[in-house]
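The structure under discussion appears below in the form of structure tokens.
Just so you know, residue 1 is the first one in the sequence shown, and it goes up from there. In each ligand, atom 1 is the first atom listed, and ligand 1 is the first ligand listed. What's counted below: heavy atoms across the whole structure, side chains too, no hydrogens, waters or symmetry copies.
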Amino acid sequence: MLASTSDMGKRILLHVCCGPCSTSSVERLIAEGYTPVLFFSDSNIFPYEEFRKRYDNLLIVAEHYNLDVILDDWEHDKWLKAVEGHEKDPEHGARCSICFDYNLHRAAAKAEELGIDEFTTTLTVSRFKKSESIFSEGRKYAGFKEIDFKKKDGFNKSIILSRELGLYRQQWCGCEFSRRRE
Ligand code: SF4
């Protein structure tokens with residue numbers, strides 16, 4: 001689904017995990033001369049209402065920066081199959097690596113489909129995620145650009161920008177297994 005359009009610089013596909021994490025990532029990419037195309041591909045998020053809520057908040061960001069946003073299918077059953085056997089893994093374990101790979105694989109395919117040479121992800125904004133674990137999955141795919149969005153104060157900036165835009169900020173990562181620890 002295409003929600004808006006803009007054309008400011010070289011396009012880069014930005015896999016987005018949620019609206020708040022997209023804020024400082026988008027600002028950094030624009031400052032570096034890119035036009036991010038936002039790709040919401042997060043079949044890990046459960047339940048669907050939560051997926052939709054995070055997407056709706058991304059639309060606020062897309063409108064604010066006048067950027068295109070693409071909504072991928074929510075295929076949670078397929079995602080569950082991919083992480084089967086790792087349901088009890090701790091966060092930062094094998095399940096999370098599979099999860100990163102699942103979403104980055106789809107981002108790589110979408111970038112190729114759209115003829116966009118580079119792609120990256122907002123997942124590195126979170127101070128709860130190790131950027132190197134995300135990079136090691138992204139490196140499997142041509143065009144992946146390693147950007148550590150938590151650097152340059154990215155995490156704190158995302159909190160400030162989210163407040164300014166009135167965005168919903170969730171308290172757990174996304175899947176039902178991360179929610180169990182609430
Ligand atoms: S905790 Fe987060 S990164 Fe890990 S599998 Fe769940 S949704 Fe994916």
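- Applying the 6.0 Å contact sphere to NZ of K151 captures no more than 12 heavy atoms from other residues, nucleotides or ligands.
- Short contacts between ligand 1 and C173, defined as distances under 4.0 Å to a heavy atom of the residue, involve ligand atoms 1 (S), 2 (Fe), 3 (S), 7 (S).
- Counting the atoms of ligand 1 from 1 in the order shown, those under 4.0 Å from a heavy atom of F100 are 3 (S).
- Here C175 fails the criterion, with no N, O or S atom under 2.8 Å of atom 2 (Fe) of ligand 1.
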Identify all side-chain donor-acceptor contacts of residues 79-86 below 3.5 Å with residues at least two apart in sequence or on another chain.
from	atom 1	to	atom 2	distance (Å)
K81	NZ	E84	OE1	3.0
H86	ND1	D89	OD2	2.7

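- Interface atoms of ligand 1 facing E91, defined by a heavy-atom separation under 4.0 Å, are 1 (S).
- Contacts of W79 with ligand 1, taken as heavy-atom pairs under 4.0 Å, involve the side chain alone.
- At a cut-off of 3.5 Å, with distance as the only test, no side-chain donor of K10 or T35 sits close to an acceptor on the other residue.
- Metal site remark for atom 6 (Fe) of ligand 1: C99 contributes no N, O or S atom at a distance under 2.8 Å.
- Close approach to S178 involves these atoms of ligand 1, each under 4.0 Å from a residue heavy atom: 1 (S).
- Aromatic pair F144/F119: centroids less than 6.0 angstrom apart.
- For K145, the side chain to side chain contact (heavy atoms under 4.5 Å, CB included) partners two or more places apart in sequence, or in a different chain, are I12, Y34, E118, T120, I147.
- Contact annotation: W172 has no heavy atom less than 4.0 Å from any atom of ligand 1.
- At a heavy-atom distance under 4.0 Å, no atom of F177 approaches ligand 1.
- Between the side chain of K157 and the backbone N or O of K152 there is at least one donor-acceptor pair closer than 3.5 Å.
- Here is the list of ligand 1 atoms found below 4.0 Å of a heavy atom in N44: 7 (S).
- Ion pairing of R106 with D72 is present here, as a side-chain N (NZ or NE/NH1/NH2) and a carboxylate O approach within less than 4.0 Å.
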